[in-house]
Each structure stands twice: as structure tokens, then as C-alpha cells.
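Step one of this worksheet: look at the structure below.
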Amino acid sequence: AHLTDPDVDVGLAAARAVIATGRHDSALPALVGALSTPRRFDAADELARLGDARGLAVLQAAVRASDPGERRRALGMLAPLPAGHDALVAALGDGDPEIRLDAAGALLKRMFSYDR
């Protein structure tokens with residue numbers, strides 16, 4: 001019932017709880033609805049981690065935003081995802097040195113990560 005709560009934070013919390021149970025399909029409407037709110041990054045992150053193209057599209061658009069804070073936040077969410085590789089490579093040429101460093105660090109982490 002909380003998935004349809006008018007408070008976006010409540011809906012997102014309910015969606016995360018449902019996802020944790022392994023039944024993410026019922027959480028999708030709440031997440032997609034939150035994409036048009038100030039909490040769009042949180043919703044996009046959840047959707048992207050589920051492999052949903054709508055979440056990936058929001059994050060990939062945000063890494064090209066004019067606001068460096070928005071680019072950096074989106075890049076951080078894309079960094080651990082396989083679909084984030086191209087965004088990390090592109091961010092190496094970003095005008096903001098902190099974003100370039102974040103991208104380089106994330107790429108190095110990918111290169112040197114291994115399973116134990």
C-alpha cells in the first residue's frame with residue numbers, strides 16, 4: 001500500500017523494501033513515477049541497478065548536464081554498473097577536474113578488481 005503513497009520518500013522506501021523481497025515488478029510504477037520528482041536520481045539509481053533502461057537513460061543524460069554536481073552524482077551511480085563504462089571514459093575529458101579524477105578512479109577500480 002505504501003508504494004502509492006503521495007510522499008515520494010515513502011514510495012521510494014516501499015519500493016526498496018519490495019525489491020529486497022525479490023519481487024521488483026510491483027515496485028516499478030513507484031520508481032518510474034519518482035523519475036519526474038526531485039528524487040529522480042534515487043529512483044533512477046534503483047531502476048538502473050535492476051537493469052531498467054529508464055533509469056539508465058536518466059543517469060546517462062545527467063552525466064552530460066551543465067551542472068557539475070549533477071554530473072558527478074550521476075557518474076557515481078553509473079560507475080559500478082556495466083552500462084556505466086562509456087560514461088566513465090567520456091568523463092575523463094570533463095571540464096571539472098574532480099569529475100575527471102572520480103572517473104579515473106572508478107576505471108582503475110574496475111581494472112584491478114578481482115574475485116576472491
TODO: List the atom of Gln60, the atom of Val63, and the distance in Å for their closest heavy-atom pair.
DONE: O-CG2, 3.0 Å

Task: Minimum-distance pair of heavy atoms, taken over all atoms of Ala65 and Glu70 - done: CB-OE2, 3.5 Å

Task: Approximate separation, where rounding is to 0.5 Å, of Arg54 CZ and Leu31 CG - done: 9.0 Å

Task: CG-CG distance between Leu56 and Leu47, expressed to the nearest 0.5 angstrom - done: 8.5 Å

TODO: Please name the pair of heavy atoms, one in Ala43 and one in Leu35, separated by the smallest distance, quoted to 0.1 Å.
DONE: CB-CD2, 3.9 Å

Task: Side chains of Met77 and Val58 in contact at under 4.5 Å (non-hydrogen atoms) - done: no

TODO: Could you list the residues that satisfy side chain to side chain donor-acceptor pair (under 3.5 Å) with Arg64, not counting sequence neighbours?
DONE: none

Open item on the list: With clusters defined by side-chain heavy atoms of hydrophobic residues (ILVMFWY) lying less than 4.5 Å apart, directly or transitively, does Leu78 cluster with Val89?
Closed with: yes

Task: Separation between CG of Leu107 and CG of Leu92, rounded to the nearest 0.5 Å - done: 5.5 Å

- [ ] Locate the shortest heavy-atom distance separating Leu75 from Ala103; write the atom from each residue and the value.
- [x] CD2-CB, 4.0 Å

TODO: Of all the heavy-atom pairs spanning Ala27 and Ile19, show the shortest one and how long it is.
DONE: CB-CG1, 4.0 Å

Open item on the list: Please determine whether a side-chain nitrogen of the Lys or Arg among Arg73 and Asp102 lies less than 4.0 Å from a carboxylate oxygen of the Asp or Glu.
Closed with: no

Open item on the list: Can you give me the closest heavy-atom contact between Thr21 and Val18, atom names plus distance?
Closed with: OG1-O, 2.5 Å

Open item on the list: According to side chain to side chain donor-acceptor pair (under 3.5 Å), does anything in residues 87-98 pair up with another residue at least two apart or in another chain? List the pairs.
Closed with: Arg71-Asp94, Arg72-Glu98

Task: Check: Pro29 and Leu3 side chains under 4.5 Å, non-hydrogen atoms - done: no

TODO: Tell me whether Leu28 is reachable from Leu81 by hopping between hydrophobic residues (I, L, V, M, F, W, Y) whose side-chain heavy atoms are closer than 4.5 Å.
DONE: no

Task: Gap between atom CG of Leu59 and atom CZ of Arg49 - 0.5 Å precision - done: 10.5 Å

TODO: Check the pair Leu88 / Arg110 against side chain to side chain contact (heavy atoms under 4.5 Å, CB included), numbers first and verdict last.
DONE: CA-CA 11 Å; Leu88 289 170; Arg110 282 176 175 233; 3.5 Å; yes

